[in-house]
Q: 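One structure coming up, written as structure tokens, with questions to follow.
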2 protein chains.
Amino acid sequence: MSDTPETVLVEHVLDAISDQRLRAGTKLGEQALSDLFSCNRAHVRRALATLAAYQVVDLIPNRGAFVSTPSEDEARDVFQARRAIEATIIRNVVRRADEADIASLRAHLATEDSIRSQNDRPKAIRASRAFHMLLAKIGRNSVLEHYLAELTMRTSLIIGLYGSNAASLCSDDEHARIVQSIADRDEARAQEMVDHHLRHIEGEIAFGEEAPRVGPLSMILSPDRATG
Amino acid sequence: MSDTPETVLVEHVLDAISDQRLRAGTKLGEQALSDLFSCNRAHVRRALATLAAYQVVDLIPNRGAFVSTPSEDEARDVFQARRAIEATIIRNVVRRADEADIASLRAHLATEDSIRSQNDRPKAIRASRAFHMLLAKIGRNSVLEHYLAELTMRTSLIIGLYGSNAASLCSDDEHARIVQSIADRDEARAQEMVDHHLRHIEGEIAFGEEAPRVGPLSMILSPDRATG
DNA sequence: GTAACATAAATTGTTAACAATTTAAACAGA
DNA sequence: TCTGTTTAAATTGTTAACAATTTATGTTAC
């Protein structure tokens, strides 16, 4: 892909959101961002417009840009949309995945397993999301893949806002069962597993809780961080 | 909603695309747009970034912005995504629609009927799209509603590119049957009707055909046009 | 000590000028 | 007439300066 300042900025912010380093409500000041990414404010403003279109940033006139804070209703809509989209994705996967795809899924399960033993929460969150995005990729529908990318980021915001500490991580167990039903080419079961998995995640969210605020932008968004 | 120059510009371009006044491949020059909407180029660039994020505009570095030209593969992905999303939407509608909602659907059918007799193709296209968006609204899931808005616009581009002249309009007949099954609270039938309807539209597309080019931007995008 | 107000700082919004690149046009040579 | 080159025009990209608004600070009155 291209490598414009806008793209770099957008990708970094999206990564930070999906890793839950950037939390809902955080202000994204223009000066701060243009300093961090050593570009001018015009670039920043364009990038923020893009992020706003992705619905992970709210643009408030004369006030600036803020990481969006999903309401409870919005959160439920996001999860229902995920179920709708991932149901079709998993159907595509069962029908289209070849042996190499299934191998990559198993490899990913192993990675998740090893990460789980490290107790590195941000890393675990990233790997969990990556599993769902890997499914989307194997499903080979670029439109659904793009929407799922957006929805998983919004899910990260939601879990960061309302999620209980213990919960809010995909259990490797459920991921493994999903992969097994793909390998078995059991479409109905795979769909049911994914649906159950998503409802499980949603069920663990405790609406009403509060979210701790977070450190300065420079700690969260340093551009020299690996893009993973 | 807010009334910034960016918003106005985005809305007008989206309307023009969904009405098929703006066709795939049309160049959206910065000067032309800033003249048309009497704003400066900074506004135009921000608006174009938003439209690019909506995936209805391609931004090519140093070349400018163009209405995006969906490939055949992309078109199939768009239709599959629509089936996935509208399946859930129609389920929501059957479960959540009250009498007023059903009345508004019947009213819309009447409007479509009267428009059909006028032989005004752009008007018919707009009304057809409005039916699907009305369903999305009644379904009361703002995330799915937003995605359907994007997908129906991309559908307009696809039909404008590949659609045969005769076809490519939702038949009122199918819309009427959908409304009837909603009124009957027949979830399975409603879902089947919507799925069939979307496959019908997709089936009438003739990939391989070419699209005629189109007149100047000023004719297509005059900002004083009603937004209705 | 608190509330309301005035002032200063910081941030966002707007505009214009200039540089770099691409596109179109003019032109010369074969 | 066609091809390739050079020149000019138009378009996009970049930057900085300034205006308007919001936020923070400090002061005064009660």
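In what follows, chains are A, B, ... by sequence order, proteins preceding strands, each numbered from 1.
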Q: What does B/N40 touch in the nucleic acid at a heavy-atom separation under 4.0 angstrom: a base, only the sugar-phosphate, or nothing?
A: base
Q: How do B/G64 and A/A42 order along DNA chain D: which one's closest nucleotide is nearer the 5' end?
A: B/G64
Q: Could you list the donor-acceptor pairs under 3.5 angstrom formed by side chains in residues 79-90 of chain B, with sequence neighbours left out?
A:
from  : atom 1 : to     : atom 2 : distance (Å)
B/Q80 : OE1    : A/N92  : ND2    : 3.0
B/Q80 : OE1    : A/N141 : ND2    : 2.6
B/Q80 : NE2    : A/N92  : OD1    : 2.8
B/R82 : NE     : B/E86  : OE2    : 2.8
B/R82 : NH1    : B/T155 : OG1    : 3.1
B/R82 : NH2    : B/E86  : OE2    : 2.7
B/R82 : NH2    : B/H132 : ND1    : 3.3
B/R83 : NH1    : B/E202 : OE1    : 3.0
B/E86 : OE1    : B/H132 : ND1    : 2.9

Q: State which residues pass side chain to side chain donor-acceptor pair (under 3.5 Å) with A/D120; sequence neighbours excluded, sorted by chain then number.
A: none
Q: Under 4.0 Å from a heavy atom of chain A: give me the 5'-most and 3'-most nucleotides of DNA chain D that qualify.
A: D/dT14 to D/dT23
Q: Enumerate the residue pairs fulfilling salt bridge (Lys or Arg N to Asp or Glu O under 4.0 Å) with a member in residues 51-73 of chain B, sequence neighbours excluded, ordered by first and then second residue.
A: B/E72-B/R76
Q: Does any pair with a residue in residues 151-162 of chain B pass salt bridge (Lys or Arg N to Asp or Glu O under 4.0 Å), and if so which ones, sequence neighbours excluded?
A: B/E74-B/R154
Q: Applying salt bridge (Lys or Arg N to Asp or Glu O under 4.0 Å), which residue pairs with at least one partner in residues 42-51 of chain B are found, sequence neighbours left out?
A: B/E6-B/R46, B/E30-B/R45
Q: Would you kindly give the CZ-to-C1' distance between B/R63 and C/dA24, to the nearest whole Å?
A: 13 Å
